[in-house]
Amino acid sequence: MAKVSEIYGSMVFNEHTMQERLPSATYKILLKTIKEGQPLDIEVANVVAHAMKEWAIEKGATHFTHWFQPLSGVTSEKHDSFLDPCPDGRAIMSFSGKELIQSEPDASSFPSGGLRATFEARGYTAWDPTSYAFIKDEVLCIPTAFCSYTGEALDKKTPLLRSMNAIETQVKRTLALFGEHPKRVSVSVGSEQEFFLIPEVEYARREDLVLTGRTLFGYAPCKGQELEEHYFGAIRPTVNEFMKELDNELWSLGISARTKHNEVAPAQHELAPIYTNANRAVDENLLTMEKMRLLASHYGLVCLLHEKPFEGINGSGKHNNWSISADGKNLLDPGDNPIENLRFLVFLVATIEAVDTYQELLRMSVASAGNDHRLGANEAPPAIVSIFLGDELDAIVDSLIKDTSYENAETGALDLGVVTLPDVLKDSADRNRTSPFAFTGNKFEFRMPGSEVNLADANMVLNTVVAKSLKDFVDAMEAEGFCEIPKDDSEDETRASGFSAAAYAYLKRVLVDHKRIIFNGDGYSQEWAEEAERRGLANNRTTASALPCMVRDDSIALFAEMGVLSDIELRSRYEVKLEKYNKLIHIETRVMKRMVRRTFLPAINKYAGELANEINACKDALVGADTNVQEEVLKQLLAGVRRITEALHALEAACDKVDRLADEQEKADFNAETVIPTMEELRAGVDAMEIITSRDLWPVPSYNNMLFYV
Ligand code: ADP
Ligand code: MG
């Protein structure tokens, strides 16, 4: 097998390959575009395109595609071959700068939330040189942004890039106050991806899994996750083989898959890469999900990325680890003495303010029909946004608010009692798994995103809201007369001390206003839900209630001020999300109704019939036979059939009502409040029959079958 260092990045047109393949003048210009966002002219693009094509063909590629992320969230691609027929009957392989820079996919079928009527369906993809091109399945993939004829963003990437610009601008302004003038500011993201792997044969027999990605029925397995033996347990051999192939594939794509382990639920696993810049991290995560789905089939497995494939055991999330750095230095690193590290405190407090002020936008960014089943289900963070800081930072925040002096909390080496083990330095922030937004040492970990979500939205919101807090801070400092400190003037003591007094006072005011968002206790508890309500924190339990904040005046003003999304772009996104939610629930109800009528009711009735025959047979064979027990079961089956039928009718009525509603928000509200509870009642009716019906007659694989396999 080839060495990892040889495989790594071999399918990526990365800086190393660029340097190797491009004339040095072109390489330098392209690098300026990548690093400093300078526009690229067509002459240069032609040279780059040619080199890319030659490289791709050597690697076996025959086609190229503009790879983009429409509002559906998944990636899209349309393959064009390099083939260019010549008049003499031969063909050459060609790829021009124009084809690299721009393309026009027939985009009328992508969701646009009314932004683009079908008659003006033109949409353009434009090369994003900050994310490397790569080869996947013999296709040269060019990461692109996707926008309408009139220039509105139609994708997830464009606003993310805009938000990265916004935060870069504000971080630079902030650092200038400290006399620091970094060349490059970037947001780093590391995403931990959870997923399930189950046998393909069982999957294929579950219409609900195949069509909706989750089980709409199914009684809890005999053994769930109560023994907690699966977490970090030895990975089963088939899964191990899958993980190895996955690692290799990801490494060849330059994705630094690093950590893999079994998760808490049976058949659940996690994979985490090493963090990289936010834009690339999102691309990488999308590719990782695609590869997971694809490669599982090589091992007779199916990869489930749905947030809640199985009821009663943990769902899957995607922790979004987020930090900001300037010329490679992490601005969220508290250093040895955080209380005196004013620069760190500015970034910390800006994040606290941003998360509190725009808590609903963060909740919105992870809202989906699937994630609704997970958030707040005693395993994932609740739907209430709060921040966990840990003891040390909490004490610091407290002393800032109260103007008291701060005693360094006890940190130091943990004594493990085993002399041969190295001392483990105690994390200053102990981990609190129940918090939706936790400070973990030198980064924030946003734990609300579901496993299937495209992380672009969450990071776009996070970057935008923190940029806004920083902007307010710098504006306030400038208003007080503290302007940019030129580099060589940073030693100016009097100005610096005046600035720090003003800055500490500002931070104190912000903390007083926003400390309600800080919560270090158990986020799963009922007491927290009540306490959060007293604090005035939002608790948007469903997607239907989480989405409307997108089109509120304060949100529209925020995204406009930060140059991330226009009013019309925001409204279109809101519509797309609402429609998606309603459509998914519509699909789920159709699958449920059909499975109940054609799969479950016939099976239950059949078993009831068999039982009735047996009762009669017993009575025929033996005068005065005691068949009370059998009759009891028969009664339960018949009562079950009645309960199921009534729930089915209730669901049919609820669905008819949704169909008659014209407004998408009204539909969503009705789905959340009425349709979903009705679906749950129908499920409960069927599940209650599963455990008393003969196993031979039960028409679909059980949770036991799906979750426990060799
Ligand atoms: P955990 O113990 O929570 O599973 P790790 O500390 O291993 O997590 O990190 C999880 C993810 O966070 C990884 O993808 C890692 O690369 C990423 N990460 C680490 N440091 C940073 C940082 N400064 N900024 C962003 N992401 C980071
Ligand atoms: Mg983590």
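What you see below is based on every heavy atom in this structure, not just the backbone, and it leaves out hydrogens, waters and symmetry mates. Small disclaimer: the values here were computed from a predicted structure and weren't measured. Whatever order the structure lists ligands and atoms in, that order sets their numbers, starting from 1. If you read the sequence from its start, that first residue is 1, and numbering goes on from there.
For ligand 1 and Ile274, the ligand atoms under 4.0 Å from any heavy atom of the residue are 16 (O). Close approach of ligand 1 to Gly190 (heavy-atom distance below 4.0 Å) involves ligand atoms 14 (O), 26 (N). Here is the list of ligand 1 atoms found below 4.0 Å of a heavy atom in Asn330: 23 (N).
Between Glu192 and ligand 1, at least one N/O pair is under 3.5 Å apart. Any N or O atom pair closer than 3.5 Å counts here, and Glu270 shares no such pair with ligand 1. Close N/O approach between Ser323 and ligand 1 is found [any backbone or side-chain N/O within under 3.5 Å]. Considering both main-chain and side-chain atoms, Pro273 comes within under 3.5 Å of ligand 1 through a nitrogen or oxygen pair.
Between Lys468 and Glu561 a salt bridge is recorded (basic side-chain N to carboxylate O distance below 4.0 Å). Electrostatic pairing of Glu353 and Lys471 does not count as a salt bridge here, judged by no charged N lying under 4.0 Å from a carboxylate O. Between Arg214 and Glu307 there is no salt bridge, since no side-chain N of the basic residue sits under 4.0 Å from a carboxylate O of the acidic one. A salt bridge links Glu180 with Arg343; the closest basic N to acidic carboxylate O contact falls under 4.0 Å. Between Asp372 and Arg541 there is no salt bridge, since no side-chain nitrogen of the basic residue lies less than 4.0 Å from a carboxylate oxygen of the acidic one.
At least one heavy atom of Glu445 sits less than 4.0 Å from an atom of ligand 1.
Contacts of Asn442 classified as side-chain hydrogen bond (donor to acceptor under 3.5 Å, both in side chains), with partners at least two apart in sequence or in another chain: none.
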